[in-house]
Amino acid sequence: AYGGSVNNSAYALGMLGDHSIALSSCPGNSNVALTSPYFWYPYPGQRLMAVTYVTGTTAATATLYIDGATQRSTDVSAWNTSLVKGRLGASNDGRYVWGGAIAEVILYSGTLTATQIQKVNSYLALKYSLKYANTDYLASDGSTIWSQTTNNGYQNEIAGIGRDDASGLSQKQSSGDRMVTIGLGTIAASNLTNPSGFGADKSFMLWGSNGQNIWSTTTFPGFGGQRLARVWKIQETDPVPVVTVRIGQAWLTVSSGQTPYLLRSTNAAFTGAVQMIPLTENGSNYEATIDFANGDYFSFGVFSLLVVMKD
């Protein structure tokens with residue numbers, strides 16, 4: 001149990017030779033695999049990972065969460081606190097080190113509730129554009145800023161911008177799928193250098209896609225138009241002002257005599273009134289500015305120019 005004063009007693013989360021994620025205990029160097037082999041191969045990109053450790057009188061339970069969802073729980077031996085210093089990113093003796101970046105460390109004085117863990121995961125997912133399991137995103141006050149129910153079918157590549165003073169979040173630009181980037185006012189070289197600011201605390205705008213093939217298109221009525229099959233949906237909490245939307249030119253096939261557009265609609269089928277905003281070139285990207293409303297859908301299309309001749 002805690003306080004047993006045993007030298008070099010610790011647990012570590014790491015990767016074994018078969019690319020599985022394991023919980024390793026020291027002393028003894030025993031490993032408990034928490035995933036199947038080759039979970040981490042080929043390299044899946046950044047993952048939202050956490051381990052909780054709940055101790056009892058003679059044993060404890062460790063649970064691994066990946067992308068916010070429970071991966072596995074397992075019984076482990078009770079952890080005795082060490083007589084030597086602790087480390088992040090390396091074993092106490094310095095022999096085993098983490099070969100990557102550690103973006104952020106958050107310490108709490110007690111065990112977090114399920115809702116508190118959901119708040120932390122939401123904060124990390126938004127700040128670092130990490131995949132999060134199909135669940136609601138919560139602000140620091142517990143309010144829902146992305147609803148799984150309301151946005152059913154658009155739970156892919158979720159990203160967002162927003163301000164949350166209690167958690168120190170000021171995310172001014174983001175990209176969930178590396179295809180579309182949205183920035184408050186403008187899109188700068190980094191979030192830190194974006195000069196824009198939110199007018200109020202708890203201002204959020206999140207978006208997610210329907211996950212359709214990025215190369216698939218569908219016919220759009222009028223002017224020989226084609227629209228991407230992939231559609232994104234907006235959820236906005238407290239009005240967020242004008243944003244810049246960017247998409248790489250490589251994602252749109254624009255032939256001679258055609259113009260690329262950002263399309264906005266109040267329905268996923270893009271029927272009725274559809275706002276069409278011409279995209280402008282900026283280096284290897286296309287960009288447009290727009291003031292989205294809560295519940296909007298957006299996509300991108302390419303249309304032939306219409307020329308009217310008059311005698």
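This is a predicted model, so every value here is computed, not measured.
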* Asked: Quick check: does any side chain N or O of T63 sit under 3.5 Å from a backbone N or O of S73, one acting as donor and the other as acceptor?
  -> no
* Going hydrophobic residue to hydrophobic residue with side-chain gaps under 4.5 angstrom, can you get from Y132 over to I106? -> yes
* Roughly how far, to the nearest 0.5 Å, is OH of Y38 from CG of D18? -> 6.5 Å
* side chain to side chain donor-acceptor pair (under 3.5 Å) between K127 and Y123, intermediate numbers included -> CA-CA 6 Å; K127 187 172 183 179; Y123 160 81; 3.0 Å; yes
* Is a side-chain N or O of D165 found less than 3.5 angstrom from the main chain of D201, in a donor-acceptor match? -> no
* **For T253 against Q258, the heavy-atom pair lying closest together** => O-OE1, 4.0 Å
* Do R163 and L169 have side chains that get closer than 4.5 Å, going by heavy atoms? -> no
* To do: Looking only at non-hydrogen atoms, find the nearest pair between L184 and S196 and report the distance.
  => O-OG, 2.7 Å
* **Whether K233 side chain and T150 backbone form a donor-acceptor pair below 3.5 Å** => yes
* May I ask you to check whether W146 and Q155 show a side-chain donor-acceptor distance below 3.5 Å? => yes
* If Ile, Leu, Val, Met, Phe, Trp and Tyr residues are connected whenever their side-chain heavy atoms lie under 4.5 Å apart, and connections chain through other members, are M205 and I247 in the same group? -> yes
* If you round to the nearest 0.5 Å, how far is CG of L206 from CD1 of I182? -> 10.0 Å
* Rounded to the nearest 0.5 Å, how far apart are CG of L279 and CG of L252? -> 7.0 Å
* To do: Please check if the side chain of T144 supplies one atom and the backbone of S147 the other of a donor-acceptor pair under 3.5 Å.
  => no
* Asked: Centres of the F300 and Y261 rings: under 6.0 Å?
  -> no
* Asked: Are W232 and Y286 connected in the hydrophobic side-chain network, where two residues link if heavy atoms are under 4.5 Å apart?
  -> yes
* Structure fact -> So CG of L48 and OG of S122: to nearest 0.5 Å the spacing works out to 9.0 Å
* Asked: Should we count CG of L192 as having more than 12 external heavy atoms under 6.0 Å?
  -> no
* Using atom types as modelled and distance alone, determine if a side-chain donor or acceptor of N267 lies under 3.5 Å from a backbone N or O of T271. => yes
* Minimum heavy-atom distance between T218 and L228, given as atom pair plus value -> CG2-O, 4.4 Å
* Asked: If you look only at pairs with a residue in residues 131-140, which of them pass as a salt bridge (charged side-chain N to carboxylate O under 4.0 Å, His left out), with sequence neighbours excluded?
  -> none
* Cluster question for you: counting only ILVMFWY and a side-chain heavy-atom cut-off of under 4.5 Å, with indirect links fine, are V245 and V254 together? -> yes
* Asked: So do V231 and Q212 actually touch side chain to side chain, heavy atoms under 4.5 Å?
  -> no
* Asked: Which residue pairs satisfy the ring pair (Phe, Tyr, Trp, His ring centres under 6.0 Å) criterion with at least one member in residues 152-183, sequence neighbours excluded?
  -> Y154-Y297
* Gap separating the CE atom of M49 from the CG atom of L130, nearest 0.5 angstrom -> 11.5 Å
* Heavy-atom pair with the smallest gap, counting every atom of N194 and T186 -> ND2-O, 3.0 Å
* Before giving the answer on side chain to side chain contact (heavy atoms under 4.5 Å, CB included), spell out for S167 and K119 the whole-Å C-alpha distance, their side-chain angles and the decisive distance to 0.1 Å. => CA-CA 9 Å; S167 62; K119 293 178 185 178; over 6 Å; no
* Asked: Under 3.5 Å, side chain of N151 to main-chain N/O of G295, donor-acceptor pair present?
  -> no
* Residue pairs passing the ring pair (Phe, Tyr, Trp, His ring centres under 6.0 Å) test where at least one lies in residues 157-216, sequence neighbours excluded -> W215-W251
* Asked: Roughly how far apart are N285 CG and R246 CZ, rounded to 0.5 Å?
  -> 4.5 Å
* To do: Answer yes if the side chains of N294 and Q235 hold a donor-acceptor pair under 3.5 Å, and no otherwise.
  => no
* Sorted by first residue and then second, give each salt bridge (charged side-chain N to carboxylate O under 4.0 Å, His left out) pair with at least one member in residues 289-300; sequence neighbours left out. => R264-D296
* Can you see which heavy atom on R230 is nearest to which on N210, and at what distance? => CA-OD1, 3.4 Å
* **T193: side-chain contact (heavy atoms from CB on, under 4.5 Å) partners, not counting sequence neighbours** => A188, A189, S190
* Quick one: are V243 and I290 in side-chain contact, heavy atoms under 4.5 Å? -> yes
* To do: Please lay out, stage by stage, how V302 and T259 fare under the test side chain to side chain contact (heavy atoms under 4.5 Å, CB included).
  => CA-CA 6 Å; V302 176; T259 302; over 6 Å; no
* Restricting to pairs with a member in residues 268-286, which pass salt bridge (charged side-chain N to carboxylate O under 4.0 Å, His left out), not counting sequence neighbours? -> none
* How about T219 and Q226: do any of their side-chain heavy atoms sit closer than 4.5 Å? -> yes
* Under 3.5 Å, is there a donor-acceptor pair linking the side chains of Q118 and Y137? -> no
* **T70 (side chain) donor-acceptor with Y65 (main chain) under 3.5 angstrom** => no
* Is the shortest heavy-atom distance from the side chain of E287 to the side chain of N282 under 4.5 Å? -> yes
* **Residue pair S209, N156: steps toward the side chain to side chain donor-acceptor pair (under 3.5 Å) verdict** => CA-CA 5 Å; S209 85; N156 304 283; 4.6 Å; no
* Is it true that V240 and I277 fall in one hydrophobic cluster, defined by side-chain heavy atoms closer than 4.5 Å? -> yes
* Please report the C-alpha distance between N191 and Q173 in whole Å, then the side-chain angles of each, then the deciding distance to 0.1 Å, and finally whether the side chain to side chain donor-acceptor pair (under 3.5 Å) criterion is met. => CA-CA 6 Å; N191 184 71; Q173 57 188 55; 6.0 Å; no
* Does S175 reach the main-chain N or O of V180 with its side chain, forming a donor-acceptor pair under 3.5 Å? -> yes
* Structure fact -> Tightest non-hydrogen contact, residues L126 and S174, listed as O-OG, 4.3 Å
